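First up is the structure itself, then whatever we jot down about it.
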Amino acid sequence: MTTTFSEPLRRLTERHAAWGAEQLDAFNEFLPVGDWSADLGQRLFRQSGKELRISLLGTFEVNECSWLWAWANPGFASSPLAEAAEAVRAYGHAHGVPEFTGELVPLDGHEDPRTAAETLAFTAMGVLGATGYLGVQASPDARAYMVPDDPQVPRAEPDAITLPRVLLTGASLVPCSARAVVEGYVAHHALPHRAAADRLSAGLPDGGTVDVVFDEYDRIASVRVNTGAPAVT
């Protein structure tokens with residue numbers, strides 16, 4: 001019985017952890033909690049008075065503790081609704097991520113199957129470069145996971161004030177290499193950077209810089225942001 005995800009998936013989650021958490025904050029601010037409805041035929045999701053175009057990633061079956069990708073669901077296979085899931089499958093084949101290529105992903109061996117389902121959705125959001133993901137209770141026994149496919153959802157940009165928290169939060173989400181988390185953040189935002197054995201420094205869009213120091217255990221020892229004003233640490 002599988003009790004953990006594959007190494008390729010874990011590495012992907014690392015690289016998307018910080019910017020993904022940052023983007024989810026922006027998404028949740030844009031679409032606060034509220035009553036929701038969905039019209040899957042029209043690819044529309046409505047919540048808190050807003051309407052979004054969405055794609056379906058997959059469904060988590062609560063009793064069986066398994067994930068079914070939308071491209072493998074007979075009701076949605078080969079439909080526009082499953083396009084994002086199809087893109088995730090293509091990525092999985094190209095990069096050797098077995099969880100992205102199997103029709104049904106068993107999660108019953110994980111300590112917390114619900115968290116495992118959230119991790120699948122989060123990492124799929126990452127490889128898609130999506131602006132968030134949604135998990136809703138579609139029935140008493142199943143949760144549906146979707147990604148927005150709508151330009152009205154804002155994309156988060158590096159912010160000097162919140163950046164230390166963003167990087168530290170990302171590094172705390174999964175047991176991982178903090179350097180990989182920071183490198184993934186820098187790569188996602190295409191920030192100019194330089195690296196040394198114990199640190200990584202990057203330029204920020206506002207002209208400032210961020211310097212991240214790692215300790216001997218590959219944890220973040222400090223984050224220093226310089227904007228020309230007093231530094232944020």
Side-chain angles (χ1 to χ4, degrees), residues 2 4-24 26-27 31 38 40-41 43-45 52-62 64-110 112-136 138 142-151 153 155-156 170 173-174 176 180-181 183-185 187-189:
T2 301
T4 186
F5 286 124
S6 68
E7 184 70 9
L9 186 92
R10 293 199 300 272
R11 292 301 182 193
L12 274 178
T13 306
E14 284 179 352
R15 291 193 63 81
H16 297 300
W19 83 259
E22 175 186 65
Q23 182 58 45
L24 282 176
F27 181 59
L31 191 70
L40 296 183
R43 297 179 61 187
L44 294 177
F45 181 87
L52 295 177
R53 180 180 172 87
I54 51 90
S55 289
L56 181 66
L57 285 176
T59 50
F60 172 57
E61 212 294 327
V62 176
E64 295 183 5
C65 295
S66 60
W67 172 282
L68 178 67
W69 288 104
W71 55 262
N73 189 316
F76 308 122
S78 302
S79 73
L81 184 66
E83 286 177 354
E86 287 281 10
V88 173
R89 176 166 68 158
Y91 183 99
H93 282 299
H95 297 275
V97 186
E99 291 87 353
F100 287 172
T101 59
E103 295 184 358
L104 193 70
V105 185
L107 301 176
D108 52 331
H110 290 255
D112 185 342
R114 165 73 178 276
T115 297
E118 298 283 337
T119 299
L120 276 177
F122 178 82
T123 310
M125 165 195 157
V127 302
L128 291 168
T131 51
Y133 80 86
L134 292 155
V136 297
R143 289 182 61 79
Y145 287 88
M146 299 161 278
V147 287
D149 178 19
D150 197 308
V153 181
R155 289 192 177 273
L173 287 178
V174 287
C176 63
V181 170
E183 289 175 344
Y185 182 90
H188 174 79
H189 288 295

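Small disclaimer: the values here were computed from a predicted structure and weren't measured.
The CD atom of Glu103 lies 10.5 Å from the CG atom of Asn73; values are rounded to the nearest 0.5 Å. Distance check: Glu83 CD to Leu128 CG gives 11.5 Å after rounding to the nearest 0.5 Å. Of the inter-residue distances, the one linking Leu120 atom CG with Trp69 atom CH2 reads 5.5 Å to the nearest 0.5 angstrom.
Annotation for Trp19 and Gly129: closest pair CH2-CA, 4.0 Å, computed over non-hydrogen atoms. Contact record, Ala144 with Leu56: CB-CD1, 4.3 Å, taken as the closest heavy-atom pair.
Checked by atom type and distance alone, the side chain of Arg43 pairs as donor or acceptor with a backbone atom of Ile54 at under 3.5 Å. Side chain of Glu99 to main chain of Ser6: a donor-acceptor pair is present (N/O by atom type, distance under 3.5 Å, no hydrogens or angles). Side-chain N or O atoms of Gln23 include one that pairs as donor or acceptor with a backbone N or O of Thr131 at under 3.5 Å. Glu61 contributes no side-chain N or O that, together with a main-chain N or O of Ser66, makes up a donor-acceptor pair within less than 3.5 Å. Between the side chain of Asp149 and the main chain of Arg53, no donor-acceptor pair closer than 3.5 Å is present.
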Quiz item: Is there a side-chain contact (heavy atoms from CB on, under 4.5 Å) between His110 and Thr119 once you walk through the steps?
Solution: CA-CA 11 Å; His110 290 255; Thr119 299; over 6 Å; no
Quiz item: Do Leu134 and Leu31 pass the side-chain contact (heavy atoms from CB on, under 4.5 Å) test, and can you show the C-alpha distance, the side-chain angles, and the key distance before you say yes or no?
Solution: CA-CA 10 Å; Leu134 292 155; Leu31 191 70; 3.8 Å; yes
Practice problem: Would you check, one step at a time, whether the test salt bridge (Lys or Arg N to Asp or Glu O under 4.0 Å) holds for Arg10 with Glu14? | Solution: CA-CA 6 Å; Arg10 293 199 300 272; Glu14 284 179 352; over 6 Å; no
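Annotation: Glu86, atom CD; neighbour count of heavy atoms from other residues, nucleotides and ligands within 6.0 Å is above 12.
For Arg11 and Glu7, the salt-bridge test passes: some basic side-chain N is under 4.0 Å from an acidic carboxylate O.
In summary, the side chains of His189 and Glu22 do present a donor paired with an acceptor at a separation below 3.5 Å, with no hydrogens or angles considered.
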